[in-house]
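First comes the structure, then the notes that go with it.
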Amino acid sequence: MLDTTANAEVQALLDRFGAALEAGDIAAATDCFQDDCYWRDLVTFTWNIHTAEGKGQIADMLTAQLAATRPAGWKIAAGETAAADGGVTTAWIEFETGVARGYGLLRLIGGRIWTLLTTMAELKGHEEHKGFTRPLGARHGAGKHRPTWKEEREAEARELGYTRQPYVLIIGGGQGGIALGARLRQLGVPTIIVEKNDRPGDSWRRRYKSLCLHDPVWYDHLPYIKFPENWPVFAPKDKIGDWLEMYTKVMELNYWAKTTCKSAKYDEKTAEWTVVVDRDGEEVVLRPKQLVLATGMSGKANMPSYPGMETFRGDQHHSSQHTGPDAYKDRKAVVIGSNNSAHDICAALWENDVDVTMVQRSSTHIVRSDTLMDVGLGGLYSEQAVRSGMTTEKADLIFASLPYRILHTFQIPLYEKMKEIDADFYAGLEKAGFWLDWGADGSGLFMKYLRRGSGYYIDVGASQLIIDGQIKLAHGNVKEIVPDGVVLEDGTKLAADLIVYATGYGSMNGWAADLIGRDVADKVGKCWGLGSDTPKDPGPWVGEQRNMWKPTRQAALWFHGGNLHQSRHYSQFLSLQLKARMEGIDTPVYGVPETWHLG
């Protein structure tokens with residue numbers, strides 16, 4: 001039976017809210033919110049990814065943006081029913097602005113808005129051709145000298161970047177660049193993706209051979225084409241590489257493999273980039289209007305510099321360059337680091353009869369994969385969720401609807417439950433001497449990822465090897481590298497034929513420094529992090545991921561990256577921002593934060 005009471009409550013609030021907005025009555029609009037309130041906007045009102053916290057910030061945003069936005073038509077989304085649970089009423093909503101159609105999620109407490117998510121679904125007059133408006137494909141009738149689909153694609157490949165320029169150039173052809181390229185293709189935005197590797201998917205294929213996704217399949221779909229129902233829960237790296245290559249082809253992306261960028265410069269007068277690339281030995285000059293760095297959070301390796309590294313007689317390399325254990329059977333290996341890559345590499349080395357020691361320099365958060373899937377992700381991303389009617393798109397919006405300021409309060413109870421479920425597992429790790437943590441405030445993996453992008457391991461078996469002593473454990477920082485091993489600050493010497501530096505990655509704006517210049521990188525500042533004032537995420541609070549998927553302080557420069565989930569979800573909003581600019585739609589941006597930290 002429909003909850004008509006909840007429906008009536010929500011629609012009455014939406015009617016009042018919508019009337020206030022149409023009248024330009026900001027006081028009446030903010031009165032629809034409770035004092036403790038949050039409005040997270042993905043592009044519709046702010047042309048940004050921005051969260052307003054509290055009535056004062058909401059009033060400031062509306063004062064700046066309301067006249068240009070022209071919102072109307074607020075209602076419960078078609079086919080949806082509001083639900084009341086535990087004093088909170090939740091409803092999917094839809095609305096329009098002057099240039100777009102929006103979709104969102106509303107939570108009410110006591111008849112007033114507690115959290116509001118507004119997202120841009122499509123631009124009016126620039127909708128994707130799908131469903132009833134999908135392309136016909138076949139050309140019925142007769143006509144002389146008509147090109148075939150294949151001939152049109154070949155002509156596009158010959159011309160784009162040579163006789164006509166792309167509107168968008170995406171540097172980086174991994175999952176992020178490919179997902180964004182697919183969105184832009186569907187919106188009719190001329191785009192080239194450039195990638196240094198030989199084939200799409202090589203950024204996965206070239207990693208250590210035991211690598212698998214640690215996130216489950218329901219969390220990792222790409223836009224438009226979901227993984228089939230028999231796809232493994234945790235896909236091996238080469239299988240993901242093949243999927244990305246297939247996806248690039250069937251989505252008709254203009255993908256330049258074997259291409260490296262040599263330089264990029266922005267001309268403020270012409271509002272145009274000049275980007276020089278080497279395409280398989282041919283120098284090509286591209287002049288896009290928009291430049292997207294999709295080089296990945298795991299793209300720029302942090303390679304440490306320890307005294308004596310040049311004296312080491314064995315093999316040493318960063319984890320990103322580690323191909324696997326095959327060459328090291330019956331030898332000694334030291335892995336510096338204790339997060340995901342370090343655990344995976346240590347486990348693979350042990351499986352290949354390598355004597356391996358992990359050097360833990362600081363505490364690490366660990367959560368068992370099965371428990372994370374059940375407790376942390378099961379409600380949104382699981383087979384049970386799918387069977388109960390949850391779609392990927394709804395799951396993404398539910399997760400996005402919780403403002404980062406309060407997200408940790410929802411995460412803490414989940415990780416307390418995980419700690420209880422796996423108490424014996426954690427006791428075993430601590431007995432083995434492993435330094436555990438649960439995040440700065442006990443909020444666990446997701447907040448660590450959002451705040452710093454590191455400091456955790458999703459356990460798929462390596463932890464038991466540590467508990468059993470099969471992977472040896474050492475603690476402390478490295479003092480020096482000697483010809484036959486590693487010396488720690490406490491004087492401990494670890495003999496090694498192989499040293500793997502699983503020491504993480506730098507901020508994405510390091511690529512901007514290399515390609516465009518340090519001045520531009522410093523203008524943009526650090527990428528990633530929320531300003532939570534927790535380890536590796538210095539304050540002040542900015543409330544959203546720094547510089548990601550939204551305007552930066554450098555005109556026409558964008559950053560796109562993250563895991564498969566984020567590449568899928570945020571590519572929608574970045575593509576709409578780029579499409580609007582191509583079409584000359586006014587995009588008054590609100591809320592670009594100050595640059596507080598250099599990358």
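In what follows, every heavy atom counts, from backbone to side chain, and hydrogens, waters and symmetry copies are set aside.
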With a 6.0 Å cut-off on the ring centroids, do [X] and [Y] count as close?
{"X": "Trp549", "Y": "Phe559", "answer": "no"}
{"X": "Phe446", "Y": "His408", "answer": "no"}
{"X": "Tyr505", "Y": "His318", "answer": "yes"}
{"X": "Tyr381", "Y": "Trp218", "answer": "no"}
{"X": "His214", "Y": "Phe234", "answer": "no"}
{"X": "Trp114", "Y": "Tyr38", "answer": "no"}
{"X": "Trp528", "Y": "Tyr449", "answer": "yes"}

Nearest heavy-atom neighbours spanning [X] and [Y]:
{"X": "Lys262", "Y": "Leu515", "result": "C-CD1, 4.1 Å"}
{"X": "Lys394", "Y": "Tyr103", "result": "CE-OH, 4.4 Å"}
{"X": "Lys526", "Y": "Asn509", "result": "N-ND2, 3.9 Å"}
{"X": "Arg581", "Y": "Pro551", "result": "NH2-CG, 4.0 Å"}
{"X": "Ser454", "Y": "Lys536", "result": "OG-CD, 4.3 Å"}
{"X": "Ala502", "Y": "Val335", "result": "CB-CG1, 4.1 Å"}

Would you sort out whether Glu195 and Arg206 count as a salt bridge (charged side-chain N to carboxylate O under 4.0 Å, His left out), showing the intermediate values? CA-CA 14 Å; Glu195 167 60 42; Arg206 294 188 174 187; over 6 Å; no
Could you check Glu272 against Lys265 for salt bridge (charged side-chain N to carboxylate O under 4.0 Å, His left out), going step by step and ending with a plain yes or no? CA-CA 8 Å; Glu272 182 177 270; Lys265 185 180 176 93; over 6 Å; no
According to the interplanar angle, ranging from 0 to 90°, do the rings of Phe95 and Trp74 count as parallel (below 30°), tilted (30 to 60°) or perpendicular (above 60°)?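 Plane angle under 30°, so parallel.
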Plane angle bin for Tyr306 and Tyr501 - parallel if under 30°, tilted between 30 and 60°, otherwise perpendicular: tilted
For residues [X] and [Y], determine if any side-chain heavy atom of one lies less than 4.5 Å from a side-chain heavy atom of the other.
{"X": "Thr115", "Y": "Pro403", "answer": "yes"}
{"X": "Val168", "Y": "Pro190", "answer": "no"}
{"X": "Lys579", "Y": "Glu128", "answer": "no"}
{"X": "Leu576", "Y": "Leu123", "answer": "yes"}
{"X": "Lys300", "Y": "Thr295", "answer": "no"}
{"X": "Thr118", "Y": "Val43", "answer": "no"}
{"X": "Tyr404", "Y": "Thr51", "answer": "no"}
{"X": "Ile58", "Y": "Lys55", "answer": "no"}

Geometric cation-pi criterion Arg183 and Tyr224, 6.0 Å radius, 45° cone: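 So Arg183 does make the cation-pi contact.
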Kindly write out the residues that satisfy ring pair (Phe, Tyr, Trp, His ring centres under 6.0 Å) with His343, not counting sequence neighbours, or none if the list is empty.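 Testing His343 for ring pair (Phe, Tyr, Trp, His ring centres under 6.0 Å), a comparison that skips the adjacent residues, returns Phe434, Tyr457.
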Between the side chain of Trp273 and the main-chain N/O of Ala556, is any donor-acceptor distance below 3.5 Å? yes
Cationic N near anionic O, under 4.0 Å, [X] to [Y]:
{"X": "Arg546", "Y": "Glu594", "result": "no"}
{"X": "Lys237", "Y": "Asp344", "result": "no"}
{"X": "Arg40", "Y": "Glu544", "result": "yes"}
{"X": "Lys130", "Y": "Glu122", "result": "no"}

Any chance you could measure [X], atom [atom1], to [Y], atom [atom2], to the nearest 0.5 Å?
{"X": "Cys261", "Y": "Leu286", "atom1": "SG", "atom2": "CG", "answer": "8.0 Å"}
{"X": "His569", "Y": "Leu574", "atom1": "NE2", "atom2": "CG", "answer": "12.0 Å"}
{"X": "Gln577", "Y": "Leu42", "atom1": "CD", "atom2": "CG", "answer": "9.5 Å"}
{"X": "Trp256", "Y": "Asp278", "atom1": "CH2", "atom2": "CG", "answer": "11.0 Å"}

I'd like to know whether CH2 of Trp596 has more than 12 heavy-atom contacts from other residues, nucleotides or ligands below 6.0 angstrom. no
Between Arg185 and Glu156, does the salt bridge (charged side-chain N to carboxylate O under 4.0 Å, His left out) criterion hold? Intermediate values first, please. CA-CA 13 Å; Arg185 180 77 182 183; Glu156 182 180 28; 2.8 Å; yes
Run Asp202 and Lys196 through salt bridge (charged side-chain N to carboxylate O under 4.0 Å, His left out) and show every step you take. CA-CA 9 Å; Asp202 276 354; Lys196 66 182 179 180; over 6 Å; no
Looking at residues at least two apart in the chain, or sitting in another chain, which of them share a side chain to side chain contact (heavy atoms under 4.5 Å, CB included) with Asp267? Lys269, Thr270
